[in-house]
Amino acid sequence: MTTLKAVRGTRDLLPPETALWNRIEATARAVFARYNFGEIRTPVFEDTALFSRGVGEETDIVSKEMYTWEDRARAQSEKTQTLTLRPENTAGVVRAYIEHKLGETGQLQKLYYIGPQFRRERPQKGRYRQFSQIGAEVIGPPSAGSESPLRDAEVLEMLATLLDELGIEGWTLHLNSVGSSADRARYNDALRAALVPVVGQMCADCQRRAVTNPLRVLDCKVPADQPIIDTLPVIADSLDEASKAHFAAVTAALDAAGVPYTRNHRLVRGLDYYTRTTFEFTHGGLGAQNALLGGGRYDGLSEMIGGPKAPGIGFAMGEDRLVLTLQTQNPAAPQVLVDAYIAPVGEAMNAAALNLARELRRQGLWVELGDGSFRLKKSFEAADKTARQIVILGEDEIQTGILTVKNFSTGVQTKVPRGELAVFLAEPAGA
RNA sequence: GCGGCUAUAGUUCAGGGGCAGAACGCCUGUCUGUGGCACAGGAUGUCGUGGGUUCGAUCCCCACUAGCCGCCCCA
């Protein structure tokens, strides 16, 4: 029989690595709570139309990266539906916002999510076909202040705080405004016009992009093209007064809060729904996938998928990339040791050992249970790898009610009455 | 989807057309109620999968699969 393996681009996460994932998620939840975000969980698959309309038919994600299938009709009367594993989560959140009429509350909705997303791309470091995103959205009717630049600034400030608390060192916030859709159309025309005389001197990719998607020329990394790109118009000059004022208010608030950022005129994001503020937090050491997270404002998304006017701003962090970054920063993750390893001496002690373990675990101690069939030496070897202390439970200990505890970091061995055991074991090593 | 590199023990890797290797880890013993250190011994495996060339392939060739790197794009 052929051995089954995790399918391409998916992977198993095992201990101790999962501890890091849990720490990241716990930190994110704690920070979101302080900013009054609540958790939303949307389905992992949705009607395909949600993504084609919301994310954009022409985007790479929709045109070639989605896992899509025809759902079987179970009855004659039932129509087949085309479903898709979510490639991102913002569209799903906005769909839920519309479906549950959250706009009718009149309140700003602040929602966060943590969960798997799916894109059928060529796997690479920091890029998987099933990957996890941690994201949040601030969305609501304009009367709730959802269009305020303060919301943009607050989200960015929260992200800076979150990355700091996660221990991510050396991140950079790239900030730009892509304006309204009208601004973007105007800029596209300007860019096309400016490219005509110079594109002949640029790389093959740029020559193609100049035709298909001029904004992508700004992403070019070919050194020889950079001087030419520097001469192209910047989108800031194509913004209308309202977009300019919005952006100025965002940067002013960031300055006041002391959040560092760099204005990046070339930051154009790939999803159709972005308007005005767009941003990316990047980190070196991730290779070609240097973006830890990306996001922006999406003032028209709700209406694009048939909802009420509901401006919003949000982001998605690549959890896999956070893990990679933290692992690179700190390659030697310390082994987590349990408080005590209980070593029964002889199989006759097994039952008593389970009872002792139960007692200690119920008092909150982390306890590993050995086996009386092991020679004591073997118990010590096993215990040394997994626990801070070993508790020996043999005939002597049962007779006297006084247990033998040895601390591995100090090497000190102590006799402890059973009644005091939990308190003794809970004390940190060397205390 | 395209291009480059890679695939050998649990792990990290060396090797090379004719008995499959190292280090670490693992097991046993020196030590029948005491770990780490030391010493002595031991087991590792379909050499990614399938085909081809050859007397003989883990090694050479082809395809496939997977990983890494780059492109595209993105988290």
Side-chain angles (χ1 to χ4, degrees), chain A residues 2-11 14 55-56 58-65 86-90 113-135 159 203-206 208-209 212-213 215-216 219-222 267-271 274 279-283 286-295 314-325 341 343-346 349 370 372 374-397 403-413:
Chain A
T2 44
T3 48
L4 295 168
K5 305 192 311 185
V7 306
R8 181 164 214 206
T10 71
R11 59 213 179 112
L14 308 171
V55 177
E58 298 308 316
T59 60
D60 276 30
I61 292 177
V62 172
S63 64
K64 57 186 196 195
E65 295 174 1
R86 62 185 185 197
E88 57 97 59
N89 217 332
T90 298
Y113 59 84
I114 298 176
Q117 318 292 336
F118 307 85
R119 292 181 201 172
R120 199 180 181 293
E121 294 183 274
R122 179 84 168 247
Q124 213 178 104
K125 184 174 190 174
R127 189 164 77 192
Y128 309 98
R129 289 182 172 183
Q130 174 176 332
F131 58 101
S132 179
Q133 287 189 333
I134 300 175
L159 283 166
C203 70
D205 279 337
C206 282
R208 182 177 47 74
R209 292 176 183 128
T212 59
N213 191 351
L215 287 178
R216 286 276 148 230
D219 280 343
C220 180
K221 284 152 196 142
V222 176
L267 180 67
V268 289
R269 301 194 50 75
L271 281 53
Y274 285 119
F279 56 86
E280 223 173 67
F281 283 71
T282 61
H283 193 274
L286 276 172
Q289 279 66 243
N290 66 347
L292 283 172
L293 68 93
F315 63 87
M317 317 178 57
E319 191 174 4
D320 304 75
R321 293 182 184 177
L322 294 175
V323 169
L324 273 172
T325 302
Y341 180 105
V345 182
M349 293 297 116
F374 294 171
R375 290 175 38 213
L376 197 59
K377 174 187 167 67
K378 182 169 171 175
S379 289
F380 264 80
E381 287 169 348
D384 191 30
K385 288 174 193 122
T386 56
R388 293 168 33 231
Q389 305 164 89
I390 185 170
V391 178
I392 298 164
L393 184 64
E395 289 292 351
D396 295 353
E397 284 78 10
L403 295 151
T404 308
V405 178
K406 187 161 183 181
N407 183 307
F408 287 118
S409 54
T410 63
V412 174
Q413 189 157 310

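A note on names: the letters A, B, ... follow the listed sequences, proteins ahead of strands, and every chain is numbered from 1. Heavy-atom basis, side chains included; hydrogens, waters and symmetry copies ignored.
- There is a side-chain donor-acceptor pair under 3.5 Å between A:T404 and A:E397.
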- Message: For RNA chain B, please output the secondary structure as dot-bracket, reading 5' to 3'. Pairs are Watson-Crick or G-U wobble, both atom distances under 3.5 Å; mark crossing pairs with [ ], other-strand partners with |, unpaired with a dot.
- Response: (((((((..((((....[..)))).(((((.......))))).....(((((..]....))))))))))))....

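- For the atom pair A:L292 CG and A:T325 OG1, the distance stands at 4.5 Å (nearest 0.5 Å).
- Here, B:C60 and B:A66 have their P atoms 23 Å apart, quoted to the whole Å.
- Salt-bridge annotation for A:K377 and A:E381: present, with a side-chain N of the basic residue lying under 4.0 Å from a carboxylate O of the acidic one.
- From A:L324, atom CG reaches atom CZ of A:R321 across 9.0 Å, with rounding to the nearest 0.5 Å.
- Residue A:A383 is out of contact with every strand shown, counting any heavy-atom pair closer than 4.0 Å.
- Heavy atoms of A:L292 sit under 4.0 angstrom from primed sugar atoms or phosphate atoms, though from no base atom.
- Across all their heavy atoms, A:R129 and A:R8 have their closest contact at CD-O, 3.4 Å.
- Among the atoms of the strands shown, only primed sugar atoms or phosphate atoms (P, OP1, OP2) are found under 4.0 Å from some heavy atom of A:R120.
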- Letter per nucleotide, 5' to 3', of nucleotides 28-39 of chain B [B base touched, S only sugar-phosphate touched, - untouched; heavy atoms, 4.0 Å]: -S---BBBB---

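- Every residue two or more places apart in sequence or in another chain that forms a side-chain hydrogen bond (donor to acceptor under 3.5 Å, both in side chains) with A:E280 is listed here: A:R269.
- Of the residues near RNA chain B, A:K64 and A:G295, the one whose nearest nucleotide (by heavy atom distance) lies more toward the 5' end is A:K64.
- Here the closest heavy-atom approach between residue A:D320 and residue A:R11 is recorded as OD2-NH2, 2.6 Å.
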Expected rows: protein N/O vs nucleotides 9-12 of chain B N/O, under 3.5 Å:
none

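- B:U32 sits 27 Å from B:G25 when the C1' atoms are compared, rounded to a whole Å.
- Of the possible donor and acceptor atoms, one in the side chain of A:Q117 sits under 3.5 Å from a partner among the backbone N and O of A:G115.
- Looking only at side-chain heavy atoms (C-beta outward), A:Q389 and A:S409 stay at 4.5 Å or farther from each other.
- Rounded to a whole Å, the CG atom of A:D320 is 18 Å from the P atom of B:C74.
- Taking the ring pair (Phe, Tyr, Trp, His ring centres under 6.0 Å) definition, one finds that A:F315 meets it with nothing, sequence neighbours left out.
- The minimum heavy-atom distance between A:I61 and A:P87, with the atom names listed, is CG2-CB, 3.5 Å.
- Nearest heavy atom pair, residue A:S132 against residue A:I114, reads OG-CG2, 4.4 Å.
- Going from the C1' atom of B:G3 to that of B:A9 covers 33 Å, rounded to whole Å.
- Residues A:F279 and A:G314 come closest through the heavy atom pair CZ-O, 3.6 Å.
- To the nearest whole angstrom, the two C1' atoms, one in B:G35 and one in B:U6, are 40 Å apart.
- Classified by its glycosidic torsion, B:C55 falls in the anti category, the angle being over 90° from 0.
- In this structure, A:E280 reaches neither bases nor backbone, as no heavy-atom distance under 4.0 Å exists between it and the strands shown.
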List, with names and distances, any nitrogen or oxygen atoms from the protein found under 3.5 Å away from nitrogen or oxygen atoms belonging to nucleotides 64-68 of chain B.
unit_1: B:G67; atom_1: OP1; unit_2: A:G9; atom_2: N; d: 3.1
unit_1: B:G67; atom_1: OP2; unit_2: A:R8; atom_2: NE; d: 2.8

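- A:I392 is not listed as a side-chain neighbour of A:K406, based on a closest heavy-atom distance of 4.5 Å or more.
- Atom C1' of B:G45 sits at a distance of 14 Å from the matching atom of B:U11, rounded to the whole Å.
- Contact record, A:A343 with A:I390: CB-CD1, 3.8 Å, taken as the closest heavy-atom pair.
- Comparing the P positions of B:C13 and B:C69 gives an interatomic distance of 14 Å, to the nearest angstrom.
- Remark: the separation of the P atoms in B:G51 and B:C59 is 13 Å, to the nearest Å.
- A gap of 27 Å separates the P atoms of B:U12 and B:G18, to the nearest Å.
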